[in-house]
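Since the structure is predicted, the reported quantities are computational estimates derived from the model, not experimental observations. Residues take their numbers from the sequence shown, with the count starting at 1.
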Amino acid sequence: MADKYKLVVIGAGPGGYVAAIRAAQLGIKTALIEKEYIGGVCLNWGCIPSKALLYVAELKRTIEHADRIGLKIDKVEVDLDKLRKHKDDCVKRLTGGVGMLLDKAGVKKYMGRASFVSQKEIDVVNEDGTVRIEAEFFVIATGTNPMDLPMLKRDGKLVIGAREAIDLPRIPKKMAVVGAGPIGVEMASVYNTLGAEVTVVEIMDAVLPTLDADISAAAEKALSKQGMEIMTSSKVLSATKKGNKMELEIETKEGKKEIAFDLVLVAAGMKPNTSGLNLEKIGVKTDDKGFVKVDKRMRSNVANIFAIGDVAGGLLLAHKASHEGIAAVEAIEGDSLGADWKSVPYAVFTDPEIAGVGMTEKEAKASGRKYKVGNFTYRGIGKAVATLATDGFAKVIADEETDEILGVHIFGPHAGDLIYTATAMLEFDATAEDLGHIMAVHPTLSEALMEAGLKVNKRAIHLPN
C-alpha cells in the first residue's frame, strides 16, 4: 500500500528542503526524497565547503602580504588534515541543522532514488527495497551535476571534478583547470594559494565570460597577479595519460601547446539531474539540454508537477533555487505571484570577491536602450585605502532617460554582502539618484556603491567626474 501525501519534494538541496519547510508551514502534509545527502550539492560539496576553503586561502594570502602594513610573519604553512576537518565540520554542522529543521517542521524524509510511475505516484528505491508514494503534487528539485568533456573523462585521480576538488586529494605541483566559470576560478584560487602552479584554460575570450566585461577584465588581472597562467580563447584538443601525469594538447591564440599536469580539474559546465526520473513516461517536457520547462509559477506542462532550482535551468544559483521552492509551494496553495522577482544577484568568491545583479553593460547595449554608467574605484574610499583594498570598484548602469538602475556590479572585498543593497534597489525600481541619496556608513566599503550611484549623474564627491 502506498504512503500518501499532498506534496512530495524530490531532492533535498537548497531548493528542495526550503520548499518542504515552507509547505509544512502552510499545513501541507509533505515528504522529501533524497538519494544521497540532505543539503544537496550546495551544503555538501558546493557552496559551503568551497567557501570554507576559500576563506583559508584568503587568510593565507592576507598574512603573506601583511608585511606591507608592518605585520611580520616568517612563514605560513597549511595543515591539509586540519583544513579538511574544518571543511567537514562546517558541512556536518549545517546539514545536521537542516535535518533538524525538517524534523521540527514535520516533514517526512525518505532516502533513495525517485522514479515516476504515474503523474501521481513515484517509487523510491534504496538498499532496503522499494516504497510506493502517492501525492497530489510533486516538486522536482534534483539539481545538476558536472559535465565531462569527450577528451577528459573524470577518473577521480588524475582528472577530477568539483566534487573531488573540494576534498583536497592532494596539492599537485602543476594543475590545469579547464573552464573559467565561477567553479573553475574559485577552485583555481584555492589550489594556487595552497601551493599549486595553476593554469586556467577557457574556450571563451575572457574568464567569467558571462559577467560584465569590466568585471571579467579585473578578475583576469587579479588571477594573473596571484600567479596563475590564464589561457583564454583556448581549448583542450586531447588528453593522454603518461605515467602519473596527464598531458594536454591545448590550442591557444599562440598555437598548439603540449603540457603535462599532475592534476586536471574539469569545470566545464553542469547538466540537469533528470536521468532515472521517468519524466518521459508522464509527459513532462524538457528543453534540448534536458532542463525541465516551467512557467513563472515553476509549474511544468503537467499541472501537478513543478520543477525548481538548477534542474529548471536559468541561473544556477542556490538562493534562486530556495526562492523558487517557496514560489512553487505557494502557487500550489493558490498564490498567484510566483517567481516574480526582477532581481537575481550572483557572487563569485575569488579574491577579491565579485558580485552583481541586473544587466551587464553588454546586455544594456543589446537591449537597444540608451544607458549611462557610473564607475567608482575603491581608491577613493578611506576604508579601502586603510585595508589594502584599492583594486576594487563598483559599477552602476542606469537608463539614460529615466535614471532607473539597470545593473550593478562590484569587484572587491565583501562584494557578495554589499550586493544585497543593490538587489533591493533594482527590485523596487530605484534610480541612480536614489542610490546616491541613501547614506552609507563612513568609513565602509559601501561608500563605493553610494558614490557609483552619484557618479552616474556626474555628482561623485571623492573622485573627479
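Around CZ of R93, the count of heavy atoms belonging to other residues, nucleotides or ligands within 6.0 Å does not exceed 12. Summarising the local packing, CE of M204 is surrounded by 12 or fewer heavy atoms from other residues, nucleotides or ligands at distances under 6.0 Å. At most 12 heavy atoms of other shown residues, nucleotides or ligands fall within 6.0 angstrom of atom NE2 in H414.
Annotation: salt bridge (charged side-chain N to carboxylate O under 4.0 Å, His left out) contacts of K365 (sequence neighbours excluded): none. Shown here are the side chain to side chain donor-acceptor pair (under 3.5 Å) partners of S238, two or more places apart in sequence or in another chain: E249. Qualifying side-chain contact (heavy atoms from CB on, under 4.5 Å) partners for H437, counting only residues two or more places apart in sequence or in other chains: none. Under the rule for a salt bridge (charged side-chain N to carboxylate O under 4.0 Å, His left out), the partners of R163 that lie at least two apart in sequence or sit in another chain are E36. Under the side chain to side chain donor-acceptor pair (under 3.5 Å) criterion, K51 pairs with E186, sequence neighbours left out. Partners of D205 under the side chain to side chain donor-acceptor pair (under 3.5 Å) rule, at least two apart in sequence or in another chain, do not exist in this structure. By the salt bridge (charged side-chain N to carboxylate O under 4.0 Å, His left out) test, D287 pairs with no residue at all, sequence neighbours left out. Applying the salt bridge (charged side-chain N to carboxylate O under 4.0 Å, His left out) rule to D429 yields the partners K342; only residues at least two apart in sequence or on another chain are considered.
Note that OG1 of T390 and NZ of K383 are 14.0 Å apart. Values are rounded to the nearest 0.5 Å. Separating the CZ atom in R84 from the CG atom in D79 is a distance of 9.0 Å, to the nearest 0.5 Å. Considering CZ of F393 and CZ of F376, their distance stands at 13.5 Å, rounded to 0.5 Å. T444 OG1 to I381 CD1: the interatomic distance, rounded to the nearest 0.5 Å, is 8.0 Å. Annotation: the span from F349 atom CZ to Y55 atom OH amounts to 14.5 Å, rounded to 0.5 Å. Note: M246 CE to I259 CD1 = 14.5 Å, rounded to the nearest 0.5 Å.
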* Evaluation steps, side chain to side chain donor-acceptor pair (under 3.5 Å), between D310 and T144 -> CA-CA 6 Å; D310 290 5; T144 55; 3.3 Å; yes
* To do: Test D262 against R170 for salt bridge (charged side-chain N to carboxylate O under 4.0 Å, His left out), laying out the working first.
  => CA-CA 10 Å; D262 302 294; R170 65 189 188 281; over 6 Å; no
* Given side chain to side chain contact (heavy atoms under 4.5 Å, CB included), test N145 with K271 step by step and report yes or no. => CA-CA 6 Å; N145 63 83; K271 60 183 179 182; 3.1 Å; yes
* Full working for salt bridge (charged side-chain N to carboxylate O under 4.0 Å, His left out) between E197 and K174 -> CA-CA 5 Å; E197 182 184 331; K174 195 172 180 66; 2.9 Å; yes
* **Check against side chain to side chain donor-acceptor pair (under 3.5 Å), Y346 and H319** => CA-CA 9 Å; Y346 71 85; H319 48 276; over 6 Å; no
* To do: Starting from the C-alpha separation in whole Å, work towards a yes-or-no answer on salt bridge (charged side-chain N to carboxylate O under 4.0 Å, His left out) for D103 and K109.
  => CA-CA 8 Å; D103 291 339; K109 301 192 292 291; 2.4 Å; yes
* Start with the C-alpha distance between K92 and D89, add both sets of side-chain angles, then the distance that settles salt bridge (charged side-chain N to carboxylate O under 4.0 Å, His left out), and finish with yes or no. => CA-CA 5 Å; K92 184 177 179 180; D89 286 347; over 6 Å; no
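The side-chain heavy atoms of L211 and V348, taken from C-beta on, include a pair separated by under 4.5 Å. Residues I354 and L208 form a side-chain contact, since some pair of their non-hydrogen atoms from C-beta on lies under 4.5 Å apart. Proximity of V264 to F261: side-chain heavy atoms (C-beta onward) are separated by under 4.5 Å at one or more points. The closest side-chain heavy-atom distance from I405 to I397 is not below 4.5 Å. V408 places none of its side-chain heavy atoms less than 4.5 Å from the side chain of K395. Contact annotation: the side chain of T360 approaches that of H409 to within less than 4.5 Å [non-hydrogen atoms, C-beta and beyond]. Residues I140 and I308 form no side-chain contact, since every pair of their non-hydrogen atoms from C-beta on lies 4.5 Å or further apart. Contact check for I166 versus K87: side-chain heavy atoms found under the 4.5 Å cut-off.
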List the atom pairs, with distances to 0.1 Å, where a side-chain N or O of residues 150-162 and a protein N or O form a donor-acceptor pair under 3.5 Å, not counting sequence neighbours.
residue : atom : partner : partner atom : Å
R154    : NE   : D148    : OD1          : 2.8
R154    : NH2  : P146    : O            : 3.2
D155    : OD1  : K157    : N            : 2.8
D155    : OD1  : L158    : N            : 2.9
D155    : OD1  : V159    : N            : 2.9

Side-chain donor-acceptor pairs of residues 37-45 under 3.5 Å, sequence neighbours excluded:
residue : atom : partner : partner atom : Å
N44     : ND2  : I38     : O            : 3.1
N44     : ND2  : G40     : O            : 2.8

Could you give the side-chain donor-acceptor pairs of residues 63-74 under 3.5 Å, partners two or more places apart or in another chain?
residue : atom : partner : partner atom : Å
E64     : OE2  : K60     : NZ           : 2.5
H65     : ND1  : R61     : O            : 2.8

Please tabulate, for side-chain N and O atoms in residues 176-185, each donor-acceptor pair with protein atoms closer than 3.5 Å (sequence neighbours left out).
none

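For the residue pair N192 / S189, no side-chain donor-acceptor distance below 3.5 Å is found, with atom types taken as modelled. A donor-acceptor pair shorter than 3.5 Å cannot be found between the side chains of E34 and Y110.
Salt-bridge check for K296 with D340: passed, with a basic side-chain N closer than 4.0 Å to an acidic carboxylate O. Residues K225 and D391 are paired through a salt bridge, judged by an N-O separation under 4.0 Å between the basic side chain and the carboxylate. By the 4.0 Å N-to-carboxylate-O rule, K75 lies close enough to E77 to be salt-bridged with it.
A distance-only check finds no donor-acceptor pair linking the side chain of E447 to the backbone of A440 [under 3.5 Å].
The aromatic rings of W341 and H323 sit perpendicular to each other, their planes meeting at more than 60°, with 30° as the lower class boundary.
When E451, R379, K455 are each tested for a side-chain hydrogen bond (donor to acceptor under 3.5 Å, both in side chains) with H462, only one passes: E451.
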